[in-house]
Amino acid sequence: MCPLTLPRTRPEESWTPRRPHGSVTSAPRPRARTYAESVPESAPSRRIPRPLAALAGVASVVLGAGIGEAVAALVAPASSPFAAIGGGIIDAAPAWAKDAAIALFGTGDKVALLAGIAVVLLAVAAVAGLLEVARPPWGRVIFAAVGVAGAIVAATRPDAGLLAWIPSVIAAAVSAGALWFLTGRLRPAETPGASDEDTSPGPSPAPDRRTFLAYSGGAVTIGILAAFVGAIRTSGTVAVDAIRSALRLPTPAVTAPPIPAGAELDLPGLARVITPNDAFYRIDTALVVPEIDPADWSLRIHGMVAREITLTWDELLALPLRESVTTLACVSNPVGGDLIGNARWLGYPIRELLARAEPSADADMVLSWSIDGFSASTPIEALTDERESILAVGMNGEPLPVEHGFPVRMVVPGLYGYVSATKWVTELEVTRFDRKQAYWSTRGWSERGPIKLQSRIDVPRREQGLRAGDTVIAGMAWQQHVGIAGVQVQIDDGPWQDAALAAAISDDTWVQWSFPWTADPGDHLIRCRAVSVTGDVQTADRAAVAPDGATGYHERFVQVFT
Ligand SMILES: Nc1nc2c(c(=O)[nH]1)N[C@H]1C(S)=C(S)[C@@H](COP(=O)(O)O)O[C@H]1N2
Ligand SMILES: [Mo]
């Protein structure tokens with residue numbers, strides 16, 4: 001040994017004086033060199049497969065987001081990071097994007113939005129995983145940034161509670177911690193004893209993939225379970241549904257007149273004249289249905305009034321409630337669409353409450369606010385004239401369904417929902433159109449939205465091939481608070497012919513119509529148009545739903561077989 005080391009130390013000693021502090025012992029040098037040589041050898045083992053790095057990111061986010069949802073369920077449903085981001089997107093999205101979403105996904109627009117957010121989030125997660133492996137701690141930094149953004153959005157939502165930021169912060173912290181842990185599993189062990197393993201052939205110990213995959217799988221499972229638990233609570237319907245189903249509404253002081261015989265033609269494929277609650281269209285900006293315990297509900301009437309009024313649930317129910325049948329329609333309903341429904345409502349006239357508050361003479365609008373920040377601008381005369389504009393608590397003999405505004409919503413005959421039908425209503429602000437704007441008015445929709453004269457063909461149905469011979473064409477027509485005088489049908493550009501109008505419930509509801517038709521074999525185009533009680537004929541001019549409702553004739557193409 002000694003003879004061998006001696007000649008080696010000499011050349012080293014010969015160059016040590018070049019070092020600034022020449023007294024370096026010669027012995028470590030050769031060892032240092034072997035260590036240095038081992039570095040390039042072990043480098044390939046540090047290259048972590050990209051799919052695994054991305055998986056680490058995704059698993060971390062699933063865990064963090066799931067726990068965030070569960071925490072949100074405890075803290076405040078609306079603070080769910082997903083719901084907050086989704087709600088933020090809904091409010092911030094340009095009007096055309098929202099219209100497109102409603103046109104494309106209809107009532108499924110919210111599911112589509114949540115799916116979109118999830119896809120984007122998972123993509124960001126995968127990138128964060130790759131970054132964390134390549135340049136720690138940048139993956140965790142991304143998570144922190146997303147968490148802070150989520151917290152800000154959640155805390156600034158109109159219905160945000162004081163704790164709304166917490167779920168996002170926890171979600172980000174858990175994600176970041178999980179990312180650190182999981183990517184740690186992917187790195188080769190660099191323990192002091194690692195030099196012993198240098199003797200093993202090939203690169204230093206590979207990360208234990210099986211352990212990594214087990215931990216990742218565990219993270220995903222826990223995340224999904226937590227989200228699931230959170231979703232059950234967040235849907236809010238658990239607690240509120242129980243309260244709602246235990247509720248007994250008072251018997252009306254004034255019942256609606258019976259539905260006239262002959263109002264319901266009862267034809268297969270034709271919409272029922274009263275829309276069952278579970279078939280009633282739903283349109284709103286609420287990603288999470290507001291959860292309101294009636295015991296906590298109150299309505300404040302304020303603004304340009306002589307006296308401010310607060311009405312509690314018990315006070316409202318103690319008032320003489322009245323039944324009325326009113327057709328509700330959405331401004332986004334395209335010609336021939338089904339964003340319209342008719343129900344028997346139970347409620348109290350808003351005009352009576354406004355009379356108590358005494359609006360000032362120069363007020364011309366009532367801005368109704370939902371607990372979740374939505375608002376609608378209703379011309380004050382529509383709430384003070386003789387029509388049945390009500391604070392509704394009942395719908396078709398039941399308390400309002402939660403998604404239709406439980407416990408209290410507005411129903412105003414003659415106006416589109418976006419300017420009148422505020423669900424989960426908690427405030428009426430008496431004001432002026434030149435002072436305040438409502439939710440949709442700031443997004444390009446008209447600030448006033450009277451319902452337009454419209455009619456629709458329900459049968460024969462689009463997909464239905466027809467047998468030649470005697471059949472019936474039927475549909476609905478409406479112009480709430482004006483009324484329908486007649487409907488006409490045109491076949492293949494022929495003359496307009498009068499259809500038979502079913503009995504109308506009132507001018508505030510839609511009405512069914514039918515037209516007997518002897519169908520010849522071949523292709524046919526059917527059109528319909530309505531005539532109002534005031535003599536207006538439905539216009540053929542086509543208008544898009546924005547900014548104040550669609551116009552034009554509903555047309556249906558049918559194929560008639562021999
Ligand atoms: N709080 C709240 N109320 C709301 C809305 C909303 O987004 N939030 N949308 C309005 C619109 S645009 C329509 S058409 C009706 C639809 O009522 P429905 O979902 O009970 O059919 O509710 C109105 N009330
Ligand atoms: Mo609407």
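The figures that follow rest on heavy atoms only: side chains count, while hydrogens, waters and symmetry mates do not. Counting starts at 1 for both ligands and their atoms, in listed order.
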Could you identify the single nearest non-hydrogen protein atom to atom 21 (O) of ligand 1 and state the distance to 0.1 Å? Tyr281 O, 2.6 Å
Any nitrogen or oxygen of Trp424, side chain or backbone, less than 3.5 Å from one on ligand 1? no
Using distance alone, determine whether Ser370 and ligand 1 share an N or O pair under 3.5 Å. yes
When you measure from atom 17 (O) of ligand 1 to every protein heavy atom, which one gives the shortest distance, and what is it? Arg409 NH2, 3.1 Å
Interfacing atoms of ligand 1 (cut-off 4.0 Å, heavy-atom, Cys330): 14 (S)
Sub-3.5 Å donor-acceptor pair from the side chain of Thr431 to the main-chain atoms of Met365, do we have one? no
Keeping Ser441 on the side-chain end and Gln437 on the backbone end, is there a donor-acceptor pair under 3.5 Å? no
One thing to verify: whether Asp508 and Arg387 come together as a salt bridge, which I'm taking to mean a side-chain N less than 4.0 angstrom from a carboxylate O. no
Measure the distance from atom 3 (N) of ligand 1 to every protein heavy atom, then report the residue, atom name and distance (to 0.1 Å) of the closest one. Lys423 N, 3.0 Å
Check the orientation of Trp445 and Trp440. Use parallel for under 30°, tilted for 30 to 60°, and perpendicular for over 60°. perpendicular
Could you tell me whether Ala421 and ligand 1 have an N or O pair separated by under 3.5 Å? yes
Taking N or O atoms only and a 3.5 Å limit, does Asp284 qualify as a polar contact for ligand 1? no
Can you tell which part of Tyr416 has a heavy atom less than 4.0 Å from ligand 1: side chain, backbone, both or neither? neither
Which residue supplies the protein heavy atom nearest to atom 9 (N) of ligand 1, what is that atom called, and how far is it? Ile283 O, 3.3 Å
Stacked cation flag Arg435 on Phe433, 6.0 angstrom / 45 deg: no
Does the side-chain contact (heavy atoms from CB on, under 4.5 Å) test come out yes or no for Leu428 and Leu367, once each step is laid out? CA-CA 6 Å; Leu428 301 184; Leu367 194 59; over 6 Å; no
Considering only heavy atoms, which of Phe374, Trp440, Tyr439 lies nearest to atom 8 (N) of ligand 1? Phe374
Show, in sequence, the C-alpha distance, side-chain angles and deciding distance for Val430 and Glu358, and conclude whether the side-chain contact (heavy atoms from CB on, under 4.5 Å) test is met. CA-CA 10 Å; Val430 178; Glu358 289 182 33; over 6 Å; no
Treating Asn333 as the side-chain partner and Leu339 as the backbone partner, does any N or O pair qualify as donor plus acceptor under 3.5 Å? yes
Output the list of atoms in ligand 1 that are nearer than 4.0 Å to some heavy atom of Thr422, sorted by atom number. 3 (N), 24 (N)
Sub-4.0 Å atoms of ligand 1 with respect to non-hydrogen atoms of Phe280: 21 (O)
Give the intermediate values and the outcome of side-chain contact (heavy atoms from CB on, under 4.5 Å) for residues Leu122 and Val62. CA-CA 8 Å; Leu122 292 180; Val62 172; 4.1 Å; yes
Enumerated ligand 1 atoms positioned under 4.0 Å from heavy atoms of Tyr418: 11 (C), 12 (S)
Return the residue, atom name and 0.1 Å-rounded distance of the protein heavy atom closest to atom 7 (O) of ligand 1. Thr285 N, 2.9 Å
Residue that, paired with Trp345, satisfies side-chain contact (heavy atoms from CB on, under 4.5 Å) out of Arg409, Arg322, Glu323: Arg409
